[in-house]
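Written out below as structure tokens is the structure these notes cover.
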Amino acid sequence: MPPEDEKPGSASQGGSKMEEEDPERKKKKEEKAREKELKKLKALQKAEAAKNQMMSADSQSQQKPSSKKSEKKNQRRGGGGEEEKPEDFIDPETPNGEKKKLSPVMAKQYSPSTVEKAWYAWWEKSNFFRADADSKKPPFVIVVPPPNVTGALHIGHGLTASIEDLIIRWRRMSGYNTLWVPGMDHAGIATQVVVEKKIMRERKQTRHDVGREAFVNEVDYKDIKERTLLKVPGYQDPVEFGVLTSFAYPLEGELGEIVVATTRVETMLGDTAIAIHPEDKRYSHLHGKFAIHPFNGRKLPIICDAILVDPEFGTGAVKITPAHDPNDFDVGKRHCLEFINIFTDDGNINSNGGSNFEGMPRFKARLAVVEALKEKGLYRGAQNNEMRLGICSRTNDVVEPMIKPQWFVNCQSMAKEALDAVMDENNRKIEIIPKQYAQEWKRWLENIRDWCISRQLWWGHRIPAWYVILEDDQLKEIGAYNDHWVVGRNEEEALSEAFGKFQEKKFHIEQDPDVLDTWFSSGLFPLSVLGWPDSTADFNAFYPTSVLETGHDILFFWVARMVMLGMKLGGDVPFRKVYLHPMIRDAHGRKMSKSLGNVIDPLEVINGVSLEGLHRRLEEGNLDRSELIIAKEGQLKDFPNGIVECGADALRFALISYTAQWCNKLWNAIRFAMNKLGDDYCPPVNIEVQQMPFSCKWILSVLNKAISKTVSSLEAYEFSDAATAVYSWWQFQLCDVFIEVIKPYFSAESKFDDSRKASRDALWVCLDTGLRLLHPFMPFVTEELWQRLPQVAGSCNRRESIMISEYPTVVDAWTNEPVEREMGLIESIVKSIRSLRSMMPPNERNERRPAYVMCHVDVVSDTIRRYELEISTLASLSSLKVLSENDAAPAGCSVSVVNEQISVYLQLQGNLNAEAEREKLQKKREELQKQHDNLEKKMSASGYKEKVPQNIHEDNLKKLNKLLQELSIIDEADRKLIDTGNGEN
């Protein structure tokens, strides 16, 4: 449970400062950043001053009088003789937890560290994150997948935090009582390995010197094709693998011998049977007979097992070691065999292996057993054998099975409930997104086995079981008698149960030294963070939670366990939706791995880091020398100059949208827009959209569509689509079109007074709405920019922070499809003109020049004439003239076909190169002809009319006619170019 002063809404901000920083160090960093920023501004100031000195007195005298406020602003920005003051661009110091104090003037350059400081502390102190169990708002709850307590952050954590914080911020702004519950996983195995390596590195001690119990490791697998020598930790000489060793067991009653083969010959010390196929006639005379163990005289029954034995493989006889092989374990269960463990927890031979081998490390015992078999004349040779070898991913040791007493949970009934919760279409309680993972859920839970929940570790939650050791017990080891176990929530309860069970007998109890499986502990996470097993206000208000967001690789290990335990112990599923985010890989498509050097700490992206800093982090880790060399080489290749500071907002947006960061563009766009608003601008309480200019109606209409697409994508958990919708509106519609097209309104001409005022109002609405739309994706920069926006005079509706403001919703009055269609036509014409301009020589591309639009339909001509100003502004034209199809093509122009109704001409300098223009038209013709032929072929195919719906057939006919018309226009333009060329000749 979070600390009381943070409960329950104290989640760490996704993508922000992910760990606490020393206050003194933090202060020094901020001072250093301020000094750096001041130097930058002084350099910019000098450059501006030099530029101003070059301005002629004549140009100064031509400037029109302005208001005192505008004049002061103009001087501050370099328009007059007075120099800019660098300190005006620097944010004043903000005491911790107070609302950020902003500089009088927006900085000319975006600085992540400057923008992102102070806001989080203010959000937290203002209790904007807090959820209220008594709130009347609908609850929306996410539990943070707990990262390992020892693990350094990696970019996957950044993705998780970014997505979850996005969801929570969006829901909070949409009127929900939001709770984002943080946590931390004790990560028993990972933690113990890290601690063990640290102790060895710093104290030269092993885990046995300081603690108890060996541990189960995470396993990777290495495929061995033939005899292979491998370096194994703890052995001076390499160990040979990929070898199948054959040896003979003598048969009882002088019946001869039976030959078996194994890749782990040392395990024969624990053999308790030899298996044959019941229908193998070679061994039919041995049914019910025994072999004799050559080293201890143990009688090994010859058993028939059709499940395990393949009579065609090898000799058709298989040695059975139930305690050291999973298949043999099953055979032992089926035939009630003895289970003999021959290894200590350290991998040495124990007393069950015999006095000749006791104490030997397992791979040295391998050699010793072969020699002993040779001495007895039982060795029958060795051969290459392909095999798969288990390797510990953390220690590089060889992993082999060994039977241990364990605690298990019978999962059959719980798995059935969890399966139905996802797959029952009539009563589905959980939705998995993306939906294809529901089949993986089904596959896992339909084949569920008992869950081993005990781990031989000493880091983690202890098993709540105690072993009763009676004074008169012959065997005193823990676990010697299965009926001596008692369970309880604490030792007092366990003692009470023991007294009731053994009454007058003298005893003492010891808690099981094992710990719970990490997945069992974390499987209780949605329950325990809300106060379970007590019936708390938080539990009653916020359970079940709303969404679990995690990686698909732990769908079974964690998610399924939470669902099983939640339904069993909490009475309901722990969440209603499961969103599985994609796996992050490096630039080469590889999974992140410390040994490859491609694991990136998100803080290194946020704050920036040098190559030396990346290397230093590797050196402080637990890689061995060879891995360290490879990892450094990987870092040198991928990050030769380190990682440039990006900030939290940029990292978040890049992870969510899979695109590069664009904070710089956003900052500059807002700075430019704020300049257009002016210092004395006061937003209106309401806007009359119908009275606004065409471009203002358009930008508000497409803003409506961006809002609709963003919200629908968020509701569908299509976060990349949502980010793209927001980005596309900001970049391609607001910045590229609207801010450009309204520039003429800000000239000194009085005829634009009304348009100027309306465009300011529309611009303010766009900035306010657009920043709120963007906030869940990029919280810091949007808060800073939103706080700089002018406020509506006397408005009581504006909230203190953007994060608790209302998320935008569609405004019906803004939707205007006819205006959007007309702007679409304008953009098509502008695009064609720009395309013609791009083909000019570089030194001519930026010159304003005349253009012509030839229309074949009068209605279209009228539309274009109405918007000559918009087209001229966006296409940077000196003039625009609309022609009819009866007009002669303008001479000396480059031509482009916009569609079947419109062609555009751009005036060139000098003589027209008719051949070059014809070549461009030919390329366009080939492109259109290909589209026409493909569509015609599709419509001529057998069964087309019967299979294709009528509306689609009609659309295809329209497309075909449109293509024919465009081809006709190209032919006409080509003929005119031929005439032009002939005229020149």
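The structure presented is a predicted model; accordingly, all values stated were derived computationally and were not measured.
Under a 3.5 Å cut-off, the side chain of Ser454 and the backbone N or O of Asp514 do not form any donor-acceptor pair. A donor-acceptor contact shorter than 3.5 Å is absent between the side chain of Asp534 and the backbone of Thr536. For the pair Arg576 (side chain) and Thr545 (backbone), a donor-acceptor distance under 3.5 Å is absent. A distance-only check finds a donor-acceptor pair linking the side chain of Asn447 to the backbone of Arg443 [under 3.5 Å]. Using a distance-only test at 3.5 Å, with no hydrogens or angles considered, no donor-acceptor pair links the side chain of Arg172 to the main chain of Leu179. Although no hydrogens or angles enter the test, the distance criterion places no donor-acceptor pair under 3.5 Å between the side chain of Thr178 and the main chain of Arg171. Formation of a donor-acceptor pair under 3.5 Å by the Arg561 side chain with backbone atoms of Phe557 is found in this model. Judged by distance alone, the side chain of Thr321 and the main-chain N or O of Gly270 form no donor-acceptor pair under 3.5 Å. At least one donor-acceptor pair closer than 3.5 Å links the side chain of Arg652 to the backbone N or O of Phe777. Between the His154 side chain and the Gly156 main chain, a donor and an acceptor come within less than 3.5 Å of each other.
Counting heavy atoms from C-beta on, the side chains of Leu524 and Leu569 come closer than 4.5 Å. Ile276 places a side-chain heavy atom less than 4.5 Å from the side chain of Cys304. Annotation: side chain of Ile224 is in contact with side chain of Leu230 (closest heavy-atom distance under 4.5 Å). Inter-residue side-chain proximity for Pro574 and Tyr543 is flagged as met; some heavy-atom pair is nearer than 4.5 Å. Side-chain contact between Gln383 and Asn385 is absent, with no heavy-atom pair separated by less than 4.5 Å.
Among the candidates Val143, Val144, Val141, the single residue satisfying the side-chain contact (heavy atoms from CB on, under 4.5 Å) test with Trp180 is Val144.
A salt bridge links Asp420 with Lys416: the distance from a Lys NZ or Arg NE/NH1/NH2 to an Asp or Glu carboxylate oxygen falls below 4.0 Å. Here Arg428 does not pair with Asp424 in a salt bridge; the nearest charged N to carboxylate O distance is not below 4.0 Å. Ion pairing between Asp397 and Arg362 holds under the 4.0 Å rule for side-chain N and carboxylate O. Note on Lys225 versus Glu386: salt bridge recorded, some NZ/NE/NH1/NH2 to OD/OE distance being below 4.0 Å.
The environment of NZ in Lys442 is sparse: at most 12 heavy-atom neighbours from other residues, nucleotides or ligands sit within 6.0 Å. Residue Glu279 qualifies as open at atom CD: its count of foreign heavy atoms under 6.0 Å is 12 or below.
Residues that satisfy the side-chain contact (heavy atoms from CB on, under 4.5 Å) test with Asn540, not counting sequence neighbours, are Ser535. The side-chain contact (heavy atoms from CB on, under 4.5 Å) check on Pro326 picks up Pro401, with sequence neighbours excluded. Residues forming a ring-ring contact (aromatic ring centres under 6.0 Å, His included) with His581 (at least two apart in sequence, or on another chain): none. Phe408 is linked by a ring-ring contact (aromatic ring centres under 6.0 Å, His included) to nothing, counting only residues two or more places apart in sequence or in another chain. Residues forming a side-chain contact (heavy atoms from CB on, under 4.5 Å) with Lys577 (at least two apart in sequence, or on another chain): Glu431, Ile433, Val547, Tyr717.
One finds the CG atom of Asp325 at 5.0 Å from the CG atom of Asn327 (value rounded to the nearest 0.5 Å). Asp721 CG to Glu718 CD: the interatomic distance, rounded to the nearest 0.5 Å, is 5.0 Å. Rounding to the nearest 0.5 Å gives a distance of 5.0 Å between CZ of Arg227 and CD of Glu240.
In the model, Lys319 has a side-chain atom that pairs as donor or acceptor with a side-chain atom of Thr267 under 3.5 Å. Side-chain atoms of His588 and Asp638 form a donor-acceptor pair, as typed in the model, at a separation below 3.5 Å.
For Phe339 and Phe329, the distance between ring centers is under 6.0 angstrom. Note: Trp485 and Trp407 meet the aromatic proximity criterion, with ring centroids under 6.0 Å apart. Taking the centre of each ring, Trp451 and Phe520 come in below the 6.0 Å mark. With ring centers used as reference points, Phe140 lies 6.0 Å or more from Phe542.
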- Task: For the pair Phe241 and Phe363, evaluate ring-ring contact (aromatic ring centres under 6.0 Å, His included) and give the outcome as yes or no after the intermediate values.
- Result: CA-CA 10 Å; Phe241 297 95; Phe363 297 128; 5.5 Å; yes
Can you give each donor-acceptor pair under 3.5 Å made by side-chain atoms of residues 308-317, sequence neighbours left out, with the distance rounded to 0.1 Å?
from   : atom 1 : to     : atom 2 : distance (Å)
Asp310 : OD1    : Glu312 : N      : 3.0
Thr315 : OG1    : Val259 : O      : 2.7
Thr315 : OG1    : Ala317 : N      : 3.3

